[in-house]
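A quick write-up on the structure given underneath.
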Amino acid sequence: MDIKTMLSISDARKKIFDITKDVQKPNRHYTLTDKGRPKAVIMSAEQYESWVETLEVMKDFPDLKKDITEAHREYRQGKFVAIEDILVKEGYIPKDKSKAIHGLSSRHSRKGKQRS
């Protein structure tokens, strides 16, 4: 913990408006202490929401780093399905693309090369 951002609750009470302004800076927080022991943390609402979202993702995808590594490997090996194929399969676009009425771009091919 950074001594500079560690304050007693009593000191924080006196400086609450300055603290509230300061925590709006990226990655800035204050640890509030009671009798020298950490009791609470003050951070911006935006940073708090980001932490909560990160924790939810970590809970939902406990092996996320491994999953991303595996997905990259499979992509490099050509083991993937183009989004257009999924949309056709699910009935969102017709198989005969000349009858397509949706605004999906067909500029890119399956491997990312531009079509002429």
Side-chain angles (χ1 to χ4, degrees):
M1 286 183 266
D2 187 354
I3 300 288
K4 182 178 175 188
T5 60
M6 187 180 289
L7 293 172
S8 69
I9 294 171
S10 297
D11 287 342
R13 191 177 297 136
K14 298 172 194 171
K15 301 176 182 181
I16 193 66
F17 292 106
D18 292 333
I19 292 170
T20 304
K21 183 178 177 181
D22 193 35
V23 296
Q24 300 311 307
K25 298 174 187 168
N27 300 315
R28 191 74 167 168
H29 68 277
Y30 283 80
T31 302
L32 306 185
T33 62
D34 183 28
K35 298 178 185 165
R37 295 182 148 202
K39 292 291 182 178
V41 174
I42 297 178
M43 64 175 63
S44 71
E46 183 179 351
Q47 186 174 1
Y48 172 76
E49 289 171 10
S50 177
W51 275 91
V52 169
E53 185 177 326
T54 298
L55 291 172
E56 288 172 356
V57 168
M58 290 173 67
K59 180 179 148 198
D60 292 343
F61 302 97
D63 298 321
L64 185 59
K65 186 174 181 179
K66 184 180 100 183
D67 294 343
I68 291 170
T69 300
E70 184 177 337
H72 281 286
R73 181 180 46 76
E74 289 178 0
Y75 176 78
R76 285 190 303 272
Q77 294 173 350
K79 296 179 182 177
F80 63 90
V81 178
I83 187 72
E84 290 85 2
D85 296 340
I86 294 171
L87 293 174
V88 167
K89 181 180 176 187
E90 297 298 322
Y92 290 102
I93 58 175
K95 287 182 183 180
D96 180 357
K97 293 192 173 131
S98 66
K99 295 180 184 176
I101 58 172
H102 305 300
L104 297 174
S105 172
S106 60
R107 288 182 37 211
H108 298 281
S109 72
R110 185 176 191 149
K111 301 244 181 195
K113 296 179 183 174
Q114 285 196 347
R115 294 181 182 171
S116 303

Show the nearest heavy-atom pair for residues T5 and H29, with the distance to one decimal. CB-O, 3.1 Å
On a heavy-atom basis, the closest approach of M6 and T33 is CG-CG2, 3.5 Å
Please name all residues satisfying salt bridge (charged side-chain N to carboxylate O under 4.0 Å, His left out) with K25, sequence neighbours left out, ordered by chain then number. D22
Would you give the length of the straight line joining atom CD1 of I93 to atom CG of L87, rounded to the nearest 0.5 angstrom? 5.0 Å
Drop me the distance from T31's OG1 to R37's CZ, to the nearest 0.5 angstrom. 15.0 Å
Shared hydrophobic cluster, V23 / L7 (ILVMFWY, side-chain heavy atoms < 4.5 Å): yes
Please determine whether residues L32 and V41 belong to a single hydrophobic cluster, defined as Ile, Leu, Val, Met, Phe, Trp and Tyr linked transitively by side-chain heavy-atom distances below 4.5 Å. no
Less than 3.5 Å apart, which donor and acceptor atoms pair up between the side chains of residues 46-67 and the rest of the protein, not counting sequence neighbours?
| unit_1 | atom_1 | unit_2 | atom_2 | d |
| --- | --- | --- | --- | --- |
| T54 | OG1 | S50 | O | 2.9 |

For residues 11-20, dump all side-chain donor-acceptor pairs below 3.5 Å to protein atoms at least two apart in sequence or in another chain.
| unit_1 | atom_1 | unit_2 | atom_2 | d |
| --- | --- | --- | --- | --- |
| D11 | OD2 | S8 | OG | 3.4 |
| T20 | OG1 | I16 | O | 2.7 |

